[in-house]
Amino acid sequence: MAKLQAIRGMNDILPDQTPNWQYVEKCFQRVVHRFGYREIRFPILEQTQLFKRSIGEVTDIVEKEMYSFDDRNGDNLSLRPEGTAGCVRAADQHGLLFNQQQRLWYQGPMFRHERPQKGRYRQFQQFGVEAFGMVGPDIDAEVIQLSAMLWRDLQLEDYLTLEINNIGAAEDRKRYAAALTAFLVFHASELDDDARNRMHSNPMRVLDSKNPVVQEVLEGAPALVDYVSDESSEHYTELKNLLTQVGIEFVENPRLVRGLDYYNNCVFEWTTDSLGAQGTVCGGGRYDGLVKQLGGKPTVAAGFAMGVERLVLMLDSLDKIPESTAKVIDVYMVVVGGQLSGQAQLLAKQLRAKFPEIGLIAHCGGGKYNNQMKRAFNSGARVAIVLETEANAPLTAVKIRQLDDSGDSHSVELAQCGAKLAEILSIS
RNA sequence: GUGACUGUAGCUCAGCUGGUAGAGCACUGGACUGUGACUCCGGUGGUCGCGGGUUCGAACCCCGUCAGUCACCCCA
């Protein structure tokens with residue numbers, strides 16, 4: 001029988017890595033709190049229909065990347081491929097949206113059946129914010145500012161670039177798409193297969209083709225800007241002013257189009273060149289029509305999502321994770337001789353009760369002094385408490401040894417153990 | 001979904017043109033040390049990703065499959 005292993009593209013995060021994740025998660029929670037966003041949690045599984053209607057029937061995500069299946073009732077369900085759809089569904093279902101303003105954040109696993117690659121996995125962690133009920137560009141600026149502040153806290157600001165674009169309203173895009181398709185059809189012979197395949201179904205996706213030949217053809221293509229309404233342009237201009245006022249640098253990328261259909265007006269991406277092919281760490285924008293599209297009362301919205309794996313990868317490769325992140329224990333209790341087990345466990349219990357904040361490992365499994373001391377050092381503990389007696393003699397004193405360079409060792413009576421420990425660790 | 005490369009002990013890897021698996025680290029036993037050391041001696045540990053095929057014989061050749069890595073694609 002074949003060895004059991006994790007599903008392709010789904011990673012185990014081992015104890016050596018979890019501190020890095022916790023570091024990122026804490027940073028995010030701190031930042032989000034600063035802006036007054038509240039957490040919302042919603043299911044990993046939803047009706048497939050939700051994603052089809054929000055993300056778009058002809059997007060790659062829905063067409064070929066969703067984990068969909070019929071459950072025992074015959075309902076077609078999907079593992080969520082992103083967070084916004086579920087967030088909107090939950091918020092609307094519970095009456096959080098109509099005539100209200102909401103600032104929400106979420107975090108959790110998303111699923112997309114893609115070929116695994118660096119920074120791209122079939123189960124991946126996303127972290128996102130969604131703001132509902134605010135019309136002006138100030139909320140766009142706010143969510144961007146929130147992300148920028150996270151980069152600052154994570155010391156990544158020098159490695160990320162903000163790209164923005166105005167993709168206009170849905171009607172604007174419809175007119176533009178028609179014009180673009182006409183252009184592409186005219187130049188079809190100069191395009192690659194990929195672009196030809198997409199020029200009818202989703203012409204705007206051709207814009208961010210990486211093929212230089214295609215890009216050259218696109219030089220002469222109609223520009224989206226020319227099809228965008230005045231209202232939309234004003235919104236965009238105002239957003240740029242706001243970003244400038246709060247000191248956030250950006251580059252305008254007229255080719256920036258997002259892969260999910262619900263976006264409109266201002267969209268943005270934070271990208272890096274330190275991650276290989278998966279350069280986008282965070283992406284978002286406005287989606288004013290989505291709530292209505294999903295059956296709710298019209299409610300404007302803006303938000304973004306970021307890939308936590310990519311952030312952790314970035315922090316790792318740039319060596320931006322603080323040393324202290326890996327939380328180690330403080331005390332390792334060395335227990336020489338099986339007859340001391342009971343007393344060791346009792347002493348450990350008392351110390352843990354007395355100093356709830358310290359981490360204490362009481363050695364289990366026997367073994368000689370040398371090996372236990374070795375484990376004590378390798379554990380990262382600051383001190384070792386050594387329990388050892390002559391054969392069958394009662395335990396009346398312990399040795400507290402500092403595991404730093406000093407190597408100081410103190411012999412103390414059992415009753416004084418706690419006090420001495422507190423003194424050495426400078427705790428009360 | 002397409003392509004390239006990779007898959008040998010817990011870890012890092014070696015194994016020449018096919019002849020019944022090796023090193024270092026780690027772990028562990030002992031010697032020496034008033035004691036995480038150093039040095040020395042010994043030990044545990046591998047169905048060579050999995051399944052077929054060719055061959056007297058395959059970790060090494062062929063096919064398939066699974067997984068990993070990177071790129072395309074797409075996106076976070």
Side-chain angles (χ1 to χ4, degrees), chain A residues 1-12 14 16 24 55-56 58-66 80-84 106-129 147 160 192-195 197-198 202 205-206 208-211 214 256-260 263 267-272 275-285 303-314 332 334 336 363 365-381 383-384 386 388 399 401-405 407 409 411:
Chain A
M1 176 162 152
K3 206 171 176 181
L4 257 28
Q5 55 186 335
I7 304 299
R8 182 149 144 97
M10 305 202 178
N11 301 123
D12 300 309
L14 273 14
D16 280 347
V24 174
I55 297 166
V58 294
T59 56
D60 280 21
I61 294 176
V62 168
E63 274 185 334
K64 47 194 192 196
E65 294 175 2
M66 280 212 292
R80 62 186 185 192
E82 60 106 43
T84 301
Y106 63 84
Q107 177 195 26
M110 308 296 165
F111 303 83
R112 262 125 94 158
H113 191 106
E114 300 180 274
R115 190 81 171 260
Q117 197 178 321
K118 182 177 189 177
R120 196 181 74 184
Y121 309 103
R122 290 186 173 181
Q123 174 175 337
F124 60 101
Q125 198 76 6
Q126 263 191 357
F127 207 31
V129 307
S147 56
L160 289 163
D192 58 14
D193 289 347
D194 215 53
N197 286 337
R198 234 173 315 195
N202 204 343
R205 291 237 55 95
V206 177
D208 59 3
S209 164
K210 282 180 192 165
N211 187 337
V214 174
L256 177 64
V257 287
R258 316 238 58 248
L260 293 77
Y263 285 110
V267 296
F268 66 92
E269 273 183 19
W270 286 95
T271 60
T272 178
L275 268 185
Q278 312 307 320
T280 303
V281 168
C282 172
F304 67 72
M306 59 179 79
V308 185
E309 283 79 0
R310 292 180 184 180
L311 280 178
V312 173
L313 235 33
M314 237 182 123
Y332 195 100
V334 170
V336 184
H363 184 86
K368 59 182 189 180
Y369 177 88
N370 270 10
N371 287 338
Q372 290 196 37
M373 273 312 285
K374 197 168 178 179
R375 284 179 198 275
F377 274 92
N378 290 339
S379 73
V383 304
V386 181
E388 188 175 24
K399 196 165 70 180
R401 184 170 163 194
Q402 292 179 234
L403 300 176
D404 53 22
D405 292 337
S409 186
S411 201

message: Can you tell me how the ring of A:Y332 sits relative to the ring of A:H363, calling it parallel under 30°, perpendicular over 60° and tilted otherwise?
response: tilted
message: If I pick the C1' atom on B:G18 and the same atom on B:C60, what distance separates them, to the nearest angstrom?
response: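 Each nucleotide's C1' atom is 6 Å from the other's.
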- prompt: When the distance from CD of A:Q278 to P of B:U69 is rounded to whole Å, what number comes out?
  reply: 12 Å
- request: Tell me which of A:L403 and A:W270 sits closer to the 5' end of RNA chain B, going by the nucleotide each one is nearest to.
  value: A:L403
query: What is the distance, rounded to the nearest whole Å, between atom CG of A:L275 and atom P of B:C75?
result: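 One finds 17 Å between P of B:C75 and CG of A:L275, rounded.
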task: Please measure how far the P atom in B:U44 lies from the corresponding atom in B:G49, and state the result in whole Å.
output: 23 Å
- request: Return yes if the base of B:C73 and the side-chain atoms of A:R120 contain a donor-acceptor N/O pair under 3.5 Å, otherwise no.
  value: yes
field: P-based separation of B:C70 from B:G51 [nearest Å]
entry: 28 Å
Any A:R375 side-chain N or O less than 4.0 Å from OP1/OP2 of B:U28: yes
field: All side-chain hydrogen bond (donor to acceptor under 3.5 Å, both in side chains) counterparts of A:T280, not counting sequence neighbours
entry: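 With sequence neighbours excluded, A:T280 shows a side-chain hydrogen bond (donor to acceptor under 3.5 Å, both in side chains) to A:E269, given in chain and number order.
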- prompt: For the atom pair CD1 (A:I7) and NE2 (A:H113), what is the distance rounded to the nearest 0.5 Å?
  reply: 10.5 Å
Whole-Å P distance, B:U69 and B:C62: 25 Å
message: Need one value for A:G279: base, sugar-phosphate or nothing, where a base atom within 4.0 Å counts as base even if backbone is also close, heavy atoms only.
response: nothing
message: So, using side-chain hydrogen bond (donor to acceptor under 3.5 Å, both in side chains) as the criterion, who are the partners of A:D404 when residues are at least two apart?
response: A:Q402, A:S406
- prompt: What integer distance in Å separates A:Q402:CD from B:G36:P?
  reply: 15 Å
- request: For nucleotides B:U39 and B:G24, find the distance between their P atoms and express it as a whole number of Å.
  value: 13 Å
- request: Report the distance from atom CD of A:E65 to atom P of B:G1, rounded to the nearest whole Å.
  value: 11 Å
field: Rounded distance [0.5 Å steps], OG in A:S147 versus CH2 in A:W270
entry: 5.0 Å
field: Nucleotide paired to B:U55 in any strand shown, Watson-Crick or G-U, under 3.5 Å
entry: none
query: Hey, what do you get for CZ (A:R115) to CZ (A:R8), rounding to the nearest 0.5 Å?
result: 5.5 Å
- request: Provide the distance between the two P atoms, one in B:G3 and one in B:G64, to the nearest whole Å.
  value: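 Their P atoms lie roughly 11 Å apart.
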field: Nearest-Å distance for atom pair NE2/P, residues A:H113 and B:U2
entry: 11 Å
task: Measure from the side-chain N and O atoms of A:R122 to the backbone N and O of A:E114, and report whether any donor-acceptor pair falls under 3.5 Å.
output: yes
- request: Write down the partner of B:U69 under the Watson-Crick or G-U wobble criteria, each distance required to be under 3.5 Å.
  value: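 Per the H-bond distance test, B:A4.
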query: CD1 of A:I7 versus P of B:G68: gap in Å, rounded?
result: 10 Å
query: Roughly, in whole Å, what's the span from CD in A:E114 to C1' in B:A71?
result: 14 Å
message: Closest approach to the side chain of A:R115, judged atom by atom: which nucleotide of B:A76, B:A67, B:G3 is it?
response: B:G3
message: With rounding to the closest Å, how many angstrom separate the P atoms on B:G45 and B:U28?
response: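 16 Å, rounded to whole Å.
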message: On RNA chain B, compare the nucleotides closest to A:T280 and A:A277; which residue's is nearer the 5' end?
response: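 First, find each residue's nearest nucleotide; the 5'-ward one identifies A:A277.
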task: Give a yes/no on whether any side-chain N or O of A:Q117 is located under 4.0 angstrom from OP1 or OP2 of B:A71.
output: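 Yes, because at least one side-chain N or O of A:Q117 sits under 4.0 Å from OP1 or OP2 of B:A71.
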P spacing across the pair B:U54 / B:G46, given as an integer number of angstrom: 30 Å
- prompt: Checking all strands, does A:Y121 fall into the base, sugar-phosphate, or nothing category for heavy-atom contacts under 4.0 angstrom?
  reply: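 Result for A:Y121 = base.
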- prompt: According to the Watson-Crick and G-U wobble definitions, with both distances under 3.5 Å, which nucleotide is paired to B:U20?
  reply: none
message: Taking A:Q107's backbone N and O only, do any of them form a donor-acceptor pair with A:Q125's side chain (distance below 3.5 Å, no angle check)?
response: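 Not at all, since once roles are kept as given, no pair shorter than 3.5 Å links the two residues.
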task: Please check if the side chain of A:R80 supplies one atom and the backbone of A:P109 the other of a donor-acceptor pair under 3.5 Å.
output: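 At least one qualifying donor-acceptor pair exists.
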- prompt: When all nucleic acid strands are considered with a 4.0 Å heavy-atom cut-off, which category describes A:L260: base, sugar-phosphate, or nothing?
  reply: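 Sugar-phosphate, backbone atoms only, no base.
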query: Closest to the A:N378 side chain: B:C27, B:A76, B:C72?
result: B:C27
task: Using a 4.0 Å heavy-atom cut-off across all strands, classify A:A376 as base, sugar-phosphate, or nothing.
output: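 Since no nucleic acid heavy atom lies under 4.0 Å of A:A376, the category is nothing.
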- request: Kindly compute the distance separating OG1 (A:T84) from OH (A:Y263), expressed to the nearest 0.5 Å.
  value: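 Rounded to the nearest 0.5 Å, the OG1-OH separation comes to 5.0 Å.
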- request: Examine the base of B:C75 for any acceptor or donor lying under 3.5 Å from a partner atom in the side chain of A:R310, and report the outcome as yes or no.
  value: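 Indeed there is one.
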Strictly under 3.5 Å: I want the nitrogen or oxygen pairs between protein and nucleotides 29-35 of chain B, one per line.
from: B:G29; atom 1: OP2; to: A:N371; atom 2: ND2; distance (Å): 2.8
from: B:U35; atom 1: O2'; to: A:N370; atom 2: OD1; distance (Å): 2.8

- request: Check whether any side-chain nitrogen or oxygen of A:K374 sits under 4.0 Å from OP1 or OP2 of B:C27, and answer yes or no.
  value: yes
query: How many Å lie between CZ on A:F111 and P on B:A76, as a whole number?
result: 16 Å
message: Classify A:E269 by what it touches in the nucleic acid, base, sugar-phosphate, or nothing, heavy-atom distance under 4.0 Å.
response: nothing
query: Who is the Watson-Crick or G-U wobble partner of B:U47, with both distances under 3.5 Å?
result: none
- request: Write down the partner of B:A31 under the Watson-Crick or G-U wobble criteria, each distance required to be under 3.5 Å.
  value: B:U39
